[in-house]
Number of protein chains: 2
Amino acid sequence: MLPVMSLRKPAPATATPGDRPGTRDRILDASAELFGRQGFTGTGIKSILAASEAPFGSLYHFFPGGKDELGAASIRRSGIGYRQLVEAFFVPGEGGVVDVVGATTAFFTGAAEMIASTDYADACPIATIALEIASVSEPMREAAAEAFESWLTVLQSAFATAGVGQVRSRELAVELFCAIEGAFLLSRTLRSPDPIRIAGLAAASSVADALRSS
Amino acid sequence: MLPVMSLRKPAPATATPGDRPGTRDRILDASAELFGRQGFTGTGIKSILAASEAPFGSLYHFFPGGKDELGAASIRRSGIGYRQLVEAFFVPGEGGVVDVVGATTAFFTGAAEMIASTDYADACPIATIALEIASVSEPMREAAAEAFESWLTVLQSAFATAGVGQVRSRELAVELFCAIEGAFLLSRTLRSPDPIRIAGLAAASSVADALRSS
DNA sequence: ATACTGCTAGAGCGATCTATCCAATCGCAG
DNA sequence: CTGCGATTGGATAGATCGCTCTAGCAGTAT
């Protein structure tokens, strides 16, 4: 049985229970959403503050390094959120076993539903900003690299646990990452969920093949 | 025999022979390079003009619609250039036949060499800007969608010509697109050519499978 | 009450951005 | 040559950018 959940980010862990999240969290949430939709340079500080209903002074109180520090923090936070999401699909609960082929299919299906339900606006919260700053800001690039690596690690160990060899597990993880990220790009640009469906079928098939020959 | 060429864009067709390209072409070339590296909003008009050694007035002479028109034109131009590149690998010359598996491998190998040789700066000239503007500018989004579709069409007919069914050919084209674009993202972020190598092996294997069962 | 700390609130600065406008210059046809 | 449209060069407007600064607020400890 696979986890029933959407691909939406879970509520931040540091939010006061029963209350609205703290200012810092609201800023980070708004940043992740806007950066993912319009990119880093395409999103002004003021729009972030407006979206998060935060006062101007608070931003530089929590992020003295300014927009760059906010960008890196936003990337790290999104990286953790998405890693937990991948874990929800690919890491078993107490003593359970995960059907990695089914998990792959479920993950892509959930992704297709989410992107369509947000009118093709919200896909990967890091990809947009990563491409923008990979050759421009080394600290942000490193934050994105660590986020991506953490996702790959989760996938790799899931495949290894399922019986696939270490090297092939890493390759499978990279293949799955490329499939979903490429599909996000194509899906958002064409405004169609088809690429995600197609990429999901191919990814599941690759995983099944690797399992069979292990 | 596969075409021996780099993944670099060919010289513009409208360039005066033996002379340096016209102002409009120089602006478009510089735009494609800078947009691909730093994104659309991250690239200022002045940097484009400086890089293309073009005067300020010329930009608004050739692109009265301003930066948005320039962005759309840049996307269209890059789309044509990359389509011709894909054709060089996947479309046979006079009465020849293309080994689509070999073409796939060669394409990814060439991409890995190019991205590493540009210090992980130049990969897909459209992906960065496409993610940025997909939810912001409809004209530019459509330009990117047309460019991507034209690449998919070339790939699809190559597979169909090689004997793969129409539906499966389209799926294969989308898979290959997702693999290379996702690999570009991961490669630029991690500063490693490995993702492209891994994605290339997987893509070639998918193509081989499809050929076998056709 | 007083003092201290963490956070809020916004005015406003210098820099930078896109875009407009116009005069100077070029290339070529008559 | 003369005339004329196409192109160039840049000054500058108007808006927006990221960011700094200071003043004030709430809550807690003393």
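So that the names make sense, note that chain A is the first sequence line, chain B the second, and so on, each numbered from 1. Just the heavy atoms: all of them, side chains too, but no hydrogens, waters or symmetry mates, feed the values below.
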**Q** Which whole-number value in Å describes the distance from B/Tyr60 OH to D/dG9 P?
**A** 17 Å
**Q** May I have the step-by-step check of side chain to side chain contact (heavy atoms under 4.5 Å, CB included) for A/Val154 and A/Phe89, ending in yes or no?
**A** CA-CA 10 Å; A/Val154 171; A/Phe89 281 86; over 6 Å; no
**Q** Counting C-beta onward and ignoring hydrogens, is there a side-chain heavy-atom pair between B/Asp119 and B/Arg191 closer than 4.5 Å?
**A**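 A side-chain contact exists here, since the closest heavy-atom pair is under 4.5 Å.
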**Q** Just by distance, do the side chain of B/Arg197 and the backbone of B/Ala112 share a donor-acceptor pair under 3.5 Å?
**A** no
**Q** Name the closest nucleotide to the A/His61 side chain, picking from D/dG18, C/dT8, C/dT18.
**A** C/dT8
**Q** Between A/Cys178 and B/Phe184, is there a side-chain heavy-atom distance shorter than 4.5 Å?
**A** no
**Q** Mark yes or no for whether A/Glu132, through its side chain, and A/Thr41, through its backbone, hold a donor-acceptor pair below 3.5 Å.
**A**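 It does hold such a pair.
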**Q** Mind calculating the distance between NZ (B/Lys67) and P (C/dT16) to the nearest angstrom?
**A**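 It is 15 Å, rounded to the nearest whole Å.
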**Q** Using a cut-off of 4.0 Å on non-hydrogen atoms, how would the nucleic acid contact of A/Phe62 be classed: base, sugar-phosphate, or nothing?
**A**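 Sugar-phosphate contact only - A/Phe62 comes under 4.0 Å of backbone atoms but never of a base.
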**Q** Rounded to the nearest Å, what distance is computed from the CZ atom of residue B/Arg26 to the C1' atom of nucleotide D/dT8?
**A** 11 Å
**Q** How close or far is atom C1' of D/dG18 from atom CD1 of A/Ile27, stated in whole angstroms?
**A** 15 Å
**Q** Going by atom types only, do A/Ser135 and B/Arg188 share a side-chain donor-acceptor pair under 3.5 Å?
**A**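 Their side chains do contain a donor-acceptor pair, which is all the 3.5 Å distance test asks for.
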**Q** Quick one: sort the A/Phe90 and A/Phe159 rings into parallel, tilted or perpendicular, breaks at 30° and 60°.
**A**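 Perpendicular, since the angle between the ring planes exceeds 60°.
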**Q** Mind calculating the distance between CZ (A/Phe63) and C1' (C/dT8) to the nearest angstrom?
**A** 15 Å
**Q** Report the distance from atom NZ of A/Lys46 to atom CG of A/Leu59, rounding to the nearest 0.5 Å.
**A**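 A/Lys46 atom NZ to A/Leu59 atom CG measures 12.5 Å (nearest 0.5 Å).
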**Q** When the axes are fitted on five pairs at both termini, how much does the helix from C/dA1-D/dT30 to C/dG30-D/dC1 curve, in 10° steps?
**A** 10°
**Q** Where along residues 43-59 of chain B does a heavy atom fall under 4.0 Å from DNA chain D?
**A** B/Pro55, B/Phe56, B/Gly57, B/Ser58
**Q** Using 4.0 Å as the upper bound for N to carboxylate O, is an ion pair formed by A/Glu175 and A/Arg168?
**A**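 Yes, A/Arg168 and A/Glu175 are salt-bridged.
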**Q** Does a nitrogen or oxygen in the side chain of B/Thr23 sit under 4.0 Å from OP1 or OP2 of D/dT8?
**A**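 Looking at the OP1 and OP2 atoms of D/dT8, one of them is under 4.0 Å from a side-chain N or O of B/Thr23.
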